Amino acid sequence: MSNQQATNGSTEDTPSDAIISVRKMSKRFDDFEALSNITLDVNRSEVLCLIGPSGSGKSTLLRCLNFLEAYDGGEVRLDGELIGWKDTISNPRRPLSNDKLRTQRQHIGMVFQHFHLWPHMSALDNVAEALVSVKGLSRSEGRDKAREALAKVHLSDKADNYPANLSGGQQQRVAIARAIAMEPRVMLFDEPTSALDPELVGEVLTVMKEMAAEGMTMVVVTHEMGFAAHVADRVAFLDSGRLVTCVPPAELFGQEPDDPRVRTFLQTYRERNVV
């Protein structure tokens with residue numbers, strides 16, 4: 001399927017309900033083409049899951065959305081604003097200043113596989129720190145907002161605990177609270193449960209489901225096919241740096257896909273009773 005078809009009917013113009021617009025985006029690492037000609041829209045309040053084999057470009061695509069990786073060609077826009085590059089016709093194009101890029105990233109929350117919490121800070125202070133140092137809130141205001149965020153991830157009773165005294169699932173929920181406290185327009189998740197013991201996965205997925213139900217726009221790289229099948233509005237399948245298809249989960253999981261690579265990938269999960 002072509003990238004244009006894969007966007008499920010999108011055109012070169014950004015649809016009015018799209019908050020993220022990716023157009024002909026590519027990324028290379030030296031001679032390796034990690035992403036090729038990706039065109040994709042993410043709509044407001046949509047949950048888009050990115051699936052595919054390891055090395056297919058899922059995490060690279062996610063990191064390009066907030067310019068943690070500088071994409072080489074094409075563009076990524078958030079609410080019409082070009083991400084990472086100065087919006088000019090100059091060639092070669094020039095990256096934004098660090099200050100402007102930092103401002104853009106305040107609107108894009110990101111949760112990684114690993115938690116990246118400050119070990120010397122309590123859960124409350126881990127969440128409050130960016131509110132104080134980045135958003136300029138007072139320490140009191142930051143802590144108040146941090147408590148609200150911890151409540152949303154069901155960790156009010158762990159506010160004074162340090163990371164070493166929290167389970168992996170609890171640490172990941174603190175990381176989610178830290179991101180949502182910044183009130184982003186979009187949340188990006190890079191395999192947020194892959195570093196967790198199996199019995200802790202559910203508590204993180206529950207929080208993510210609640211965020212989706214509240215209308216948070218989410219792009220999720222995941223190997224949790226059950227989450228993709230039951231929570232996502234659309235599922236994008238990547239292979240070898242190319243967007244193969246992007247369709248509603250019922251269309252992907254509920255029938256045999258046309259593409260043989262997608263069929264092979266999903267059959268592996270069906271045999272393991274994941275979906």
Side-chain angles (χ1 to χ4, degrees), residues 1-26 35 37-52 57-68 71 73-85 87 96 101 103-111 152 176 179-190 192 205 207-222 227-238 242-254 257 262:
M1 183 178 289
S2 70
N3 282 341
Q4 190 60 37
Q5 291 171 320
T7 59
N8 199 25
S10 69
T11 66
E12 290 301 308
D13 295 323
T14 303
S16 59
D17 58 346
I19 187 168
I20 296 176
S21 175
V22 181
R23 291 293 177 270
K24 298 181 179 178
M25 190 259 282
S26 62
L35 295 171
N37 198 35
I38 302 292
T39 292
L40 181 69
D41 293 312
V42 182
N43 298 321
R44 299 177 197 282
S45 299
E46 178 177 38
V47 178
L48 175 69
C49 282
L50 306 180
I51 68 170
K58 305 181 300 295
S59 292
T60 300
L61 172 56
L62 200 75
R63 291 171 65 86
C64 284
L65 294 184
N66 67 354
F67 216 68
L68 286 177
Y71 53 91
E75 62 180 40
V76 177
R77 291 183 181 270
L78 176 69
D79 274 336
E81 181 180 0
L82 186 65
I83 297 296
W85 300 104
D87 201 355
L96 290 176
L101 184 56
T103 297
Q104 285 187 338
R105 285 179 177 153
Q106 289 185 36
H107 303 300
I108 307 172
M110 188 156 184
V111 176
K152 288 182 179 179
I176 293 172
I180 63 176
M182 298 293 286
E183 299 179 336
R185 301 179 201 170
V186 176
M187 282 286 293
L188 310 179
F189 294 86
D190 189 4
L205 294 181
V207 167
M208 294 172 65
K209 290 175 185 177
E210 291 171 354
M211 293 170 63
E214 292 174 359
M216 173 62 75
T217 304
M218 299 163 59
V219 184
V220 184
V221 173
T222 186
F227 180 86
H230 301 298
V231 180
D233 295 291
R234 286 184 301 152
V235 181
F237 182 89
L238 279 79
R242 288 168 171 78
L243 178 61
V244 178
T245 189
C246 184
V247 293
E251 186 174 335
L252 189 71
F253 297 112
V262 182

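Only a predicted model underlies this, so the values are computations on that prediction, with no experimental measurement involved. All residue numbers in this chain count up from 1 along the given sequence.
- Taken to the nearest 0.5 Å, the CG atom of Leu68 stands 10.0 Å off from the CG atom of Asp190.
- The backbone N or O of Gly215 sits nowhere less than 3.5 Å from a side-chain atom of Arg44 that would complete a donor-acceptor pair.
- Contact record, Thr222 with Ile51: O-CG2, 3.8 Å, taken as the closest heavy-atom pair.
- Between the side chain of Ser21 and the backbone N or O of Asp41, no donor-acceptor pair lies under 3.5 Å.
- To the nearest 0.5 Å, atoms CG (Leu40) and CG (Leu61) are separated by 7.0 Å.
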For this session: List the steps, then state whether side-chain contact (heavy atoms from CB on, under 4.5 Å) holds for Glu46 with Val186.
Result: CA-CA 10 Å; Glu46 178 177 38; Val186 176; over 6 Å; no

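- Leu50 has its side chain within reach of Val219: a pair of non-hydrogen atoms, C-beta onward, lies under 4.5 Å apart.
- Here the straight-line distance linking atom CE of Met208 with atom CE of Met216 works out to 11.5 Å at 0.5 Å rounding.
- Of all heavy-atom pairs between Lys24 and Thr39, the closest is N-OG1, 3.1 Å.
- Between Ala229 and Pro249, the shortest heavy-atom distance links the atoms O-CB, 3.5 Å.
- In this structure a side-chain-to-backbone donor-acceptor pair under 3.5 Å is present from Gln104 to Gly84.
- Judged purely by atom type and a 3.5 angstrom limit, Lys209 has no side-chain atom pairing as donor or acceptor with the backbone of Val231.
- Contact record, Leu48 with Cys246: CD1-SG, 3.7 Å, taken as the closest heavy-atom pair.
- In this structure, the separation between OG1 on Thr60 and CG on Leu238 is 9.5 Å, given to the nearest 0.5 Å.
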For this session: Go through Tyr71 and Leu35 one step at a time and tell me if the side-chain contact (heavy atoms from CB on, under 4.5 Å) criterion holds.
Result: CA-CA 9 Å; Tyr71 53 91; Leu35 295 171; over 6 Å; no

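- When every heavy atom of Ile19 is checked against every heavy atom of Thr217, the shortest pair comes out as CG2-CG2, 3.8 Å.
- Between Arg77 and Asp87 a salt bridge is recorded (basic side-chain N to carboxylate O distance below 4.0 Å).
- From Arg185, atom CZ reaches atom CG of Asp79 across 5.0 Å, with rounding to the nearest 0.5 Å.
- Rounded to the nearest 0.5 Å, atoms SG (Cys49) and CE (Met218) are 7.5 Å apart.
- Among all heavy-atom pairs drawn from Ile20 and Leu65, the shortest one is CG2-CD2, 4.2 Å.
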For this session: Go through Phe189 and Ile176 one step at a time and tell me if the side-chain contact (heavy atoms from CB on, under 4.5 Å) criterion holds.
Result: CA-CA 9 Å; Phe189 294 86; Ile176 293 172; 4.0 Å; yes

Problem set entry | From CA spacing to verdict: side-chain contact (heavy atoms from CB on, under 4.5 Å), Leu82, Leu96 | CA-CA 10 Å; Leu82 186 65; Leu96 290 176; over 6 Å; no

